[in-house]
Amino acid sequence: MDTATEVRTHILDWYEDHFVEFPWRSSRSPYHSLVGGFCTQQTQMSRALETHARWLHAFPTVANLAAAETSEVLRVWGKTGYPKRAVYLQRAAQQCMERFGGEIPSELDDLLSLPGVGPFTAEIVRCFGFGLAVLTVDTNIVRIFGRVFEGDLQPIKDTSKDRIKEISEQFIALGRTDLINPALMDFGASICTGRPRCDECPVSDICKAASKFISGQVPEPQRKNKVYAGSDREWRGKILELLTRYSRPVSEKKIRKILSLESDEQTQRLLMGLEKDLLVSRQNQLVKLG
DNA sequence: AATTCGGGGCA
DNA sequence: TGCCCAGAATT
């Protein structure tokens with residue numbers, strides 16, 4: 001039995017005892033999966049689940065979403081983070097209406113052509129929405145594969161994408177991706193985490209990185225965070241939050257005053273950035289959401 | 001290849 | 001405080 005087969009068997013056994021349902025997994029709805037894919041991009045499951053439920057309540061169908069006001073879309077997205085995702089998701093829905101007869105496509109290239117849809121989200125839709133035999137290679141699966149098969153501590157940085165793809169294809173060839181895909185994702189989210197729990201891991205005796213972790217080695221940060229306080233990101237969030245609270249457009253002057261922005265130049269720069277990202281629009285010094 | 005883009009949770 | 005989180009687009 002080769003290593004991939006053995007790892008797969010152990011992970012599937014683990015999954016039997018740690019199965020968790022997610023609303024976009026069993027529903028086998030391309031739309032629910034698409035929303036799930038967007039919600040989970042760089043976002044913890046707890047918050048993604050809340051956004052997903054809120055979103056489907058507000059926009060039950062692709063047609064509803066496509067026809068909605070963008071300001072409403074941004075309000076429903078709320079403080080989920082990366083609000084551009086909300087705009088992309090609505091535009092993706094609009095393109096599905098225009099280009100794909102109101103249906104979400106199942107072809108990889110078609111999905112990838114939608115705004116805000118990359119390899120991860122596309123495969124989420126294909127795996128959970130359409131039940132196709134694919135793996136959604138997310139950060140969790142990269143971590144597991146890079147560690148178990150290559151002995152890398154921080155595979156996001158250290159393991160080549162080609163190698164990850166090779167291993168993925170091995171797993172796909174072994175079948176039942178409908179089981180092994182969520183099993184791997186959940187396993188990576190709870191056992192093979194950034195600081196893995198090798199003492200609870202069912203494949204630690206196979207994993208090429210386990211001895212390194214057990215002897216106390218620590219992975220390098222996958223990316224160094226910049227200071228958030230006072231950053232454009234923080235200001236953009238404050239401006240959007242302000243516009244979300246008001247039901248009508250707000251003047252640029254008022255925005256600057258309420259938020260105590262340093263200068264008109266800074267205010268203009270931030271608003272231009274938000275406008276470029278289609279998060280706000282401006283007319284006659286008045287700023288509105290969407 | 002590096003940077004940008006939120007916001008919250010947790011050690 | 002620093003790092004992380006079911007990524008994707010832009011430069």
Side-chain angles (χ1 to χ4, degrees), chain A residues 20-25 32-52 74 77-89 91-92 111-129 134-145 153-158 160-161 164 168 177 180-197 218-242 244 269-270 272-280:
Chain A
V20 186
E21 178 52 27
F22 289 119
W24 54 88
R25 282 191 181 170
H32 291 196
S33 307
L34 183 72
V35 175
F38 270 87
C39 290
T40 50
Q41 291 170 11
Q42 287 292 286
T43 305
Q44 296 89 333
M45 282 303 313
S46 57
R47 229 163 2 125
L49 286 167
E50 293 172 7
T51 304
H52 187 267
L74 284 166
W77 190 258
K79 296 190 169 188
T80 308
Y82 292 143
K84 214 186 305 187
R85 283 184 290 175
V87 176
Y88 281 147
L89 180 48
R91 294 168 76 83
L111 284 163
L112 292 175
S113 76
L114 296 172
V117 176
F120 165 76
T121 305
E123 297 294 43
I124 286 280
V125 172
R126 285 158 57 76
C127 180
F128 298 116
V134 298
L135 277 194
T136 68
V137 182
D138 70 329
T139 176
N140 290 309
I141 292 185
V142 171
R143 243 192 348 258
I144 298 168
F145 287 173
L153 298 191
Q154 191 62 282
I156 302 289
K157 289 168 54 107
D158 301 336
S160 83
K161 299 200 172 192
I164 296 295
S168 305
T177 53
I180 193 63
N181 192 15
L184 284 167
M185 295 172 95
D186 292 359
F187 184 78
S190 56
I191 303 293
C192 199
T193 54
R195 305 292 182 93
R197 305 160 64 178
V218 174
E220 288 291 310
Q222 31 183 295
R223 51 189 164 202
K224 285 171 277 290
N225 273 9
K226 295 194 170 179
V227 181
Y228 181 65
S231 65
D232 279 5
R233 277 189 181 185
E234 184 178 34
W235 284 119
R236 287 164 58 107
K238 285 182 175 177
I239 293 172
L240 287 182
E241 193 275 334
L242 173 64
T244 300
R269 185 170 56 76
L270 291 167
M272 276 201 328
L274 288 167
E275 193 171 29
K276 181 170 179 293
D277 289 339
L278 303 173
L279 296 168
V280 308

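Chain letters run A, B, ... following the sequence lines, proteins first and then strands; every chain starts at 1.
For E220(A), the salt bridge (charged side-chain N to carboxylate O under 4.0 Å, His left out) test picks out no residue, with sequence neighbours left out. Not counting sequence neighbours, R85(A) has no partner by the salt bridge (charged side-chain N to carboxylate O under 4.0 Å, His left out) test. Listed by chain and number, the residues in a salt bridge (charged side-chain N to carboxylate O under 4.0 Å, His left out) with D232(A) are R269(A) (sequence neighbours excluded). For E234(A), there are no salt bridge (charged side-chain N to carboxylate O under 4.0 Å, His left out) partners at least two apart in sequence or on another chain. For F187(A), the ring-ring contact (aromatic ring centres under 6.0 Å, His included) partners are W14(A), not counting sequence neighbours.
Across all strands shown, D186(A) has heavy atoms under 4.0 Å from base atoms, whether or not it also approaches the sugar-phosphate. Within the 4.0 angstrom heavy-atom criterion, base atoms lie near F22(A). R236(A) comes within 4.0 angstrom of the backbone, heavy atoms only, and of no base. Contact annotation for E234(A): no contact, since no heavy-atom pair falls under 4.0 Å across all strands. Note on T136(A): nothing from the nucleic acid sits closer than 4.0 angstrom, heavy atoms only. Looking at heavy-atom distances under 4.0 Å, K276(A) makes contact with sugar-phosphate atoms alone, never a base. Nucleic acid contact class of R143(A) (heavy atoms, under 4.0 Å, all strands): sugar-phosphate only.
The list of side-chain hydrogen bond (donor to acceptor under 3.5 Å, both in side chains) pairs with a residue in residues 180-191 of chain A, not counting sequence neighbours, reads R25(A)-D186(A), T136(A)-N181(A). Applying the salt bridge (charged side-chain N to carboxylate O under 4.0 Å, His left out) test to pairs two or more places apart or on separate chains, none has a residue in residues 34-51 of chain A.
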Evaluate side chain to side chain contact (heavy atoms under 4.5 Å, CB included) for D277(A) paired with V87(A), printing each intermediate quantity in order. CA-CA 9 Å; D277(A) 289 339; V87(A) 176; over 6 Å; no
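Atom OG1 of T43(A) is separated from atom CG of L49(A) by 11.0 Å, given to the nearest 0.5 angstrom. Atom CZ of F38(A) sits about 13.5 Å away from atom CH2 of W24(A), to the nearest 0.5 Å. Put simply, CG on L135(A) and CD1 on I164(A) are 11.0 Å apart, with the number rounded to the nearest 0.5 Å. To the nearest 0.5 Å, atom CG of residue D138(A) and atom CD of residue E123(A) are 11.5 Å apart. Between T40(A) atom OG1 and F22(A) atom CZ the span is 9.5 Å, to the nearest 0.5 Å. With rounding to the nearest 0.5 angstrom, the CD1 atom of I156(A) is 8.5 Å from the CG atom of N140(A).
From the 5' end on, the contacts that DNA chain C makes with chain A at under 4.0 Å to a non-hydrogen atom open and close at dC3(C) to dT11(C).
Annotation: dG6(B) and dT11(C) have their P atoms spaced 15 Å apart (nearest Å). Atom name P, nucleotides dA8(C) and dG9(B): the rounded distance is 24 Å, in whole Å. When the P atom is compared between dA9(C) and dG8(B), the two are found 24 Å apart, to the nearest whole Å.
Contacts between residues 116-126 of chain A and DNA chain C, defined by a heavy-atom separation below 4.0 Å, involve G116(A), V117(A), G118(A), P119(A), F120(A), T121(A), listed by number.
In this structure, S113(A) contributes its side chain and L111(A) its backbone to no donor-acceptor pair below 3.5 Å. Side chain of H52(A) to main chain of H32(A): a donor-acceptor pair is present (N/O by atom type, distance under 3.5 Å, no hydrogens or angles).
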For DNA chain B, what string of dots and brackets results from 5' to 3' when Watson-Crick and G-U pairs need both distances under 3.5 Å, crossing pairs get [ ], and pairs with another strand get |? |||||.|||||
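When each of P182(A) and Y88(A) is assigned the nucleotide of DNA chain C bearing its nearest heavy atom, the one mapping closer to the 5' terminus is P182(A).
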Would you tabulate the pairs of protein nitrogen or oxygen atoms and nucleotide nitrogen or oxygen atoms of nucleotides 2-4 of chain B closer than 3.5 angstrom?
| unit_1 | atom_1 | unit_2 | atom_2 | d |
| --- | --- | --- | --- | --- |
| dT4(B) | OP2 | K226(A) | NZ | 2.5 |

Just the atom pairs and distances: protein N or O near nucleotides 8-11 of chain B's N or O, under 3.5 Å.
| unit_1 | atom_1 | unit_2 | atom_2 | d |
| --- | --- | --- | --- | --- |
| dG8(B) | N2 | Q44(A) | NE2 | 2.5 |
| dG8(B) | N3 | Q44(A) | NE2 | 3.4 |

